[in-house]
Every structure is written in C-alpha cells, then in structure tokens.
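The analysis underlying the following values was restricted to heavy atoms, covering all of them including side chains, and did not include hydrogens, waters or symmetry mates. In what follows, chains are A, B, ... by sequence order, proteins preceding strands, each numbered from 1.
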Amino acid sequence: MLEISRIRSEKDVIKESLKKRGWNKDKLSILDKIIESDDIRKSIQIANDDLLSQRNQLSKQIGELFKSGKTEEANNAKKKVESLKTDISKNEDDMSSVKKEIEDLLLTVPNVPNALVPEGQDESDNLVSKEWDQDLPQLAEDALPHWELGKKYNILDFELGVKITGAGFPVFRNKGARLQRALINFFLDEAYNQGYEEVAVPLLVNADSAKGTGNLPDKEGQMYHVTKDDLYLIPTAEVPVTNIHRNDLVKEDQLPIKLTGYTPCFRREAGSYGADVKGLNRVHQFDKIEIVQITHPDKSYETLDTMVAYVETLLSKLELPYRILRLCGGDLTFASALTYDFEVYSAAQKKWLEVSSVSNFETYQSNRLKLRFKDSQGKNRLAHTLNGSALALARIIAALLENHQTQDGIVIPEALRKYTGFEILN
RNA sequence: GGAAGAGUGGCAGAGCUGGUUGAAUGCACCGGUCUUGAAAACCGGCGUGCGUUAACGCGUACCGGGGGUUCGAAUCCCUCCUCUUCCGCCA
C-alpha cells in the first residue's frame, strides 16, 4: 500500500496519476480522507503519549513512596493514576478504530502508475511496446490446435484431469510430461546463469504472506483457501518468494537481491469462463518459474528493463514469436506501477497468449512487507520489489506444440534438446 | 497427536521472588587514539516503529503474537504460534 507520508507530500501528483486508472473525483477524495483521519490519529497520539508519560512518572513515584514508607501519599497517587487510566483506555480505543479506518482506506488505493503507463480502460488500450517484426508462422492447412496435438501424440489428457480432479487440471504424459520437466529445468538454469538464487518454497502460505504481496484482501476469491488450516494455495511463486524478506532490514550492499523459484500455481479463475478457457489457455493449475528482485529505489526501473530483456532471450531461445505490451492504467494490476506483458503467438489458434508479466511494484509491496534497507546515511528506507514470470509453462507448451508442428511431429527447439533428450516429439 | 522444557537486541547470553531494565556482559559492527601499515590494547558509539522538533533532543510503544491482573510487567495469569527433548504415528 501507499505510504501516508507520500500521500501527504505528493497528493496532487498522485491524484493526477490515479486518473489513469479511471479514478474519478469521488474516489480520489479517499486520499483526502486518509490524511484527515491520519491527522486525527496524530492528535490522539499527542494527547495519549502525554497521559502515558504522566502515568509512568506517577508510578515511579509510587514505588519510591512505598519504599520510604509513605503509604498514604502513595495511595493518593494511585487514585490519580486511576483516573488517568480511563482517559488512556478511551484514547486507545479511539486510536485503534481510527487506525483500522486508515488501513481499510489505504487498502482500497492501488499503486500510482508510472509516467510510462498509457491511459486506457482495458486490455484493448494496452500499448504494443515491441511488435513482432518478422513474419508470423504460417502453418499447413491441416495444422492442429494444441489440444488436438495433445491427443494425437498422447501427451496431454484433459478428460483424465476431469476424472481425477475437475476441469482445468490437465494431465501431461509421456513426452508431454518430459517436455514440461525440460522447460522447468531450462528456465531455472537460465535464471541461475543470470545470477538469480534458486529457492524451493512452500506451496501453501499463511494470511500474513498473502497480505504482504497484496493478494489479500484484493484477490481473495482467486486463491484456493484451505480453511481447516487457514492457508492459501499460492497463485504464483511471487507470494512465498517475495515474503522471504518480509520484515527484513537489509544492508544496502546486499541489494539487489535476485531470487528465482519454480512452483505450480493454483488459480480459481472464478468468473472467467468464456472463449479463452479451451485447452491450456486457462487452467487452474500450471507451472511457472518466477524471477524476483529487490532493489534500491534508484535502480528499480533499470532493473525492470533488464528483466524484460531477459524474458525476451528465453522466448528467442524457444523460437517463439512474441510481442511486448505496456499495460494501460485500466489493465494494470493493483499493486503495480508499471507492467510489461509478454504474449506469444499461438499459430494454430491464431491468437496471442499471455505468457509473462513483468512488473515494478516500487514500494507498494515493500510497505506492506516492511522490507527495508539501511542506506549509506544510515536511514532505513523501503526497498523496491519487482517480479516477472520467466516463464509460465502451460501456455508456452501450447505455443510450442502449435508453432513447431510438422508432418513428422513437434520439433523441439535447439536450446531445449539437451533437457528433453529428444529432438522431435511424435 | 500426547508429555516436559524453552522463546530477550545482528549473534551469544543475564535478568524472570514485579518498581531509574530498552534491557547487564561478551562477540560482531562503526568512529577515534596508538602503529610505518595491520593486529592487539584502550576510549566512544551502536535496535525498531510512531509522535514532536528547524535541529540537538524529548515523549511513547515494543523482551515470539494477542489478551488480562496491577499505581507499575521482560518479570504474574490466560490464549495462540514456534522451537527443543521424550513417546506415539508415518512418507
């Protein structure tokens, strides 16, 4: 969430930027309300700290009076404190309710879009920041979509997933399963070679972690919730990986922190049934390799560019046509200040599929996470957090199958062959 | 799952028969003296949030989390979490 100090000092700029998210005057007044409530909070604290100070002093005196045997004076002082206490407890009640109010308001305010974020309502207004400048693959007349290919080569079984679990839980088998494992290893090795520390993290997280990355309360309905133990299945590795450093105060020279992790991701995708759910296009469980960076505030945009460039290299090595979108204000996720989406062209469906999303959250997450660093002046400051998919598997597999299909089978891209152990999938 | 013990500052480790204890001491770290340089030695500094102040500073809260008792709690009580050991179960 946003820092109140920032709302105070940059209110007008923030308001102007939030208009890109479609915030009107009405909604923008939340910012004024936050400052008002925070003013109230401060005045209560000033009054209450004073009362507490009096209480502490009197208590100290009472101890001394008892020691020197002045019982009567001590008892008088006790009565005085007694009356202070009713005021104190009233203040504390007021304080916690106003704090709660501020917190609730802050949670409704999304991150401030970066200057590069285009205006716009929805995905149709996203800006293509890098177009695919070569010809798109032309497939033969009888080319098949990936779900047909999956059947043909016995590598992908949706019905079986339905039997075992339900819709949206596909089963990969034979060379399909090996292709999946190959991709995981390929992506992890690539990230490792870029200096990311590999982590293997829990797939269930507690509510504190989900709050830290902003998945609670905003996206509660999108996560599977294990109510018996009050844990959530992760929708992305971002949640456990970023939370590694929740409540951390790191030294400046430890930055940037670069982490990568492979996990399955679980998403309920509530309310998204429609044309796009066919095959692997939208599933409840898929594998993803995530890259996360924690950086100095001055470096985060530079870092964002390197992460975007890195994801490009992966797609090039997989020989997939892709384009990069800069998300508009209306399509930008809640916590992000700037996001680039990657889409690969799935030739048989003649459709662009989102396979990666790379974002800079600036201090929006770190403020909730209390993830700080000590700067060279010895001051504690919030770090910036970034993350990106590198990459999301199910759709990558869809694109690989469709784009690389030939009469003889699916040709595995050169870079992947040492991982699959086969050059052609048939 | 059952029983017992424990959770204190970056780490180690006192305090825990309630009252100058935000917290001894050691290590680590930073600054200084000394030294040709380094080490050692010595001197000084060394937690976080909030509030207040132009600033020095001051106030307040925090000794696993939450709640309670008390004039006053790291110290007593309740509850939850975690760790260790023993038993049970098990990949």
Side-chain angles (χ1 to χ4, degrees), chain A residues 1-9 34-106 200-212 216 226-232 240 243-255 257 294 363-383:
Chain A
M1 54 193 163
L2 295 182
E3 301 141 82
I4 298 180
S5 58
R6 183 172 168 207
I7 296 176
R8 283 181 182 278
S9 62
I34 288 170
I35 294 176
E36 271 172 44
S37 297
D38 194 49
D39 285 340
I40 294 171
R41 192 208 102 236
K42 286 189 184 190
S43 66
I44 296 173
Q45 184 172 342
I46 290 170
N48 204 46
D49 277 0
D50 183 54
L51 294 180
L52 287 169
S53 177
Q54 290 181 43
R55 185 200 66 184
N56 289 344
Q57 278 187 18
L58 282 169
S59 295
K60 204 175 285 181
Q61 286 169 19
I62 289 168
E64 283 158 11
L65 289 171
F66 271 125
K67 260 184 207 160
S68 53
K70 298 174 182 166
T71 317
E72 198 172 321
E73 283 178 55
N75 284 327
N76 284 338
K78 270 197 197 181
K79 275 179 200 141
K80 239 189 262 177
V81 178
E82 208 71 70
S83 73
L84 287 177
K85 277 174 77 177
T86 55
D87 290 339
I88 289 171
S89 76
K90 183 182 178 304
N91 279 335
E92 278 170 355
D93 289 349
D94 291 350
M95 183 78 117
S96 63
S97 70
V98 75
K99 272 186 175 169
K100 175 82 167 65
E101 186 186 317
I102 293 168
E103 165 101 2
D104 288 348
L105 288 172
L106 276 174
V201 291
L203 307 182
L204 289 140
V205 294
N206 58 32
D208 283 342
S209 292
K211 265 183 215 155
L216 280 180
V226 182
T227 51
K228 193 157 189 177
D229 298 287
D230 197 22
L231 297 171
Y232 296 85
N243 271 283
I244 287 173
H245 291 286
R246 172 153 49 90
N247 283 329
D248 263 9
L249 176 56
V250 303
K251 296 205 177 99
E252 185 169 355
D253 61 17
Q254 288 177 260
L255 301 176
I257 294 168
I294 298 163
T363 58
Y364 197 87
Q365 289 185 328
S366 59
N367 190 32
R368 279 200 211 182
L369 291 161
K370 301 216 186 320
L371 200 184
R372 297 155 304 159
F373 70 98
K374 197 173 275 295
D375 74 10
S376 46
Q377 269 94 57
K379 231 185 108 190
N380 299 331
R381 299 172 60 191
L382 294 171

**Student:** Identify the two heavy atoms, one from A:Pro240 and one from A:Val201, that lie closest to each other, and give their separation to 0.1 Å.
**Tutor:** CG-CG2, 3.5 Å

**Student:** Taking atom NZ of A:Lys42 and atom CD1 of A:Ile35, what is their separation to the nearest 0.5 Å?
**Tutor:** 10.0 Å

**Student:** Using the C1' atoms only, state how far B:rC27 lies from B:rG9, rounded to an integer number of Å.
**Tutor:**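 Those two atoms are separated by 13 Å.
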
**Student:** Mind checking the P distance from B:rA3 to B:rC71? Whole angstroms is fine.
**Tutor:**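 Looking at atom P only, B:rA3 and B:rC71 are 35 Å apart.
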
**Student:** At under 4.0 Å between heavy atoms, what does A:Lys42 touch on the DNA or RNA strands: base, sugar-phosphate, or nothing?
**Tutor:** sugar-phosphate

**Student:** With both distances under 3.5 Å as the test, what is the Watson-Crick or G-U wobble partner of B:rC58?
**Tutor:**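 Partner of B:rC58: B:rG51.
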
**Student:** Could you tell me how far B:rC62 sits from B:rG72 if I compare only their P atoms? Round to whole Å.
**Tutor:**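 So the two P atoms sit 13 Å from each other.
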
**Student:** With salt bridge (Lys or Arg N to Asp or Glu O under 4.0 Å) as the test, pick out the partner of A:Lys90 among A:Asp94, A:Asp93, A:Asp87.
**Tutor:**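 One option only clears the test, and that one is A:Asp94.
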
**Student:** Mind checking what makes ring pair (Phe, Tyr, Trp, His ring centres under 6.0 Å) contact with A:Tyr232, not counting sequence neighbours?
**Tutor:** A:His225

**Student:** For A:Asn243 and A:Gly212, work out which heavy atoms get closest and say how close.
**Tutor:** OD1-CA, 4.3 Å

**Student:** Using the P atom as the reference point in each nucleotide, state the distance between B:rG2 and B:rU8 in Å, no decimals.
**Tutor:**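 It works out to 25 Å between them.
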
**Student:** Considering heavy-atom distances to RNA chain B, does A:Leu58 or A:Leu52 have its closest nucleotide positioned more toward the 5' end?
**Tutor:** A:Leu52

**Student:** Scan every strand shown for a Watson-Crick or G-U wobble partner of B:rU35, both distances under 3.5 Å, and answer none if you come up empty.
**Tutor:** none

**Student:** Give me the atom names and distance for the closest heavy-atom approach of A:Phe373 to A:Leu382.
**Tutor:**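 Result for this residue pair: CE2-O, 3.7 Å.
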
**Student:** Mind checking if A:Asn380 touches a base, just sugar-phosphate, or nothing, with heavy atoms under 4.0 Å?
**Tutor:** sugar-phosphate

**Student:** Touch check for A:Glu82, heavy atoms < 4.0 angstrom, all strands: base, sugar-phosphate only, or nothing?
**Tutor:** sugar-phosphate

**Student:** If you measure from the C1' atom in B:rG31 to the same atom in B:rU82, how many Å do you get, rounded?
**Tutor:** 39 Å

**Student:** How far does the P atom of B:rC77 sit from the matching atom of B:rC16, given to the nearest Å?
**Tutor:**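 Result for the P pair: 15 Å, nearest Å.
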
**Student:** Quick check for you: name the first and last nucleotides of RNA chain B, 5' to 3', having an atom under 4.0 Å from a heavy atom of chain A.
**Tutor:**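 So the contact region on RNA chain B extends B:rG19 to B:rG72.
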
**Student:** Given that both distances must come in under 3.5 Å, which nucleotide forms a Watson-Crick or G-U wobble pair with B:rG15?
**Tutor:**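 For B:rG15, the partner nucleotide comes out as B:rU8, under the 3.5 Å rule.
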
**Student:** What's A:Asn56 touching, base or sugar-phosphate or nothing? Going by heavy atoms closer than 4.0 Å.
**Tutor:**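 Sugar-phosphate, no base atom in range.
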
**Student:** Give me the one residue out of A:Leu2, A:Leu105, A:Asp39 that meets side chain to side chain contact (heavy atoms under 4.5 Å, CB included) with A:Ile34.
**Tutor:**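 One option only clears the test, and that one is A:Leu105.
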
**Student:** Which part of the nucleic acid, if any, lies within reach of A:Ile62 when heavy atoms closer than 4.0 Å are counted: base, sugar-phosphate only, or nothing?
**Tutor:**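 The answer is base, as A:Ile62 lies within the cut-off (heavy atoms under 4.0 Å) of a base atom.
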
**Student:** For A:Arg41 and A:Val98, indicate whether the former's side chain and the latter's backbone hold a donor-acceptor pair under 3.5 Å.
**Tutor:**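 Side chain of A:Arg41 to backbone of A:Val98, a donor-acceptor pair under 3.5 Å: no, none is there.
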
**Student:** Check every strand shown and say whether A:Lys99 touches a base, only sugar-phosphate, or nothing at a heavy-atom separation below 4.0 Å.
**Tutor:** nothing

**Student:** Could you please name the partner base of B:rA3, counting Watson-Crick and G-U wobble pairs only when both distances are under 3.5 Å?
**Tutor:** B:rU85

**Student:** When the nearest nucleotide of RNA chain B is assigned to A:Gly378 and to A:Lys60 on a heavy-atom basis, which residue is associated with the more 5' position?
**Tutor:** A:Lys60

**Student:** When the C1' atoms of B:rC78 and B:rU21 are considered, how many whole Å apart are they?
**Tutor:** 25 Å

**Student:** When rounded to the nearest Å, what value does the distance between C1' atoms of B:rU53 and B:rG5 take?
**Tutor:** 48 Å

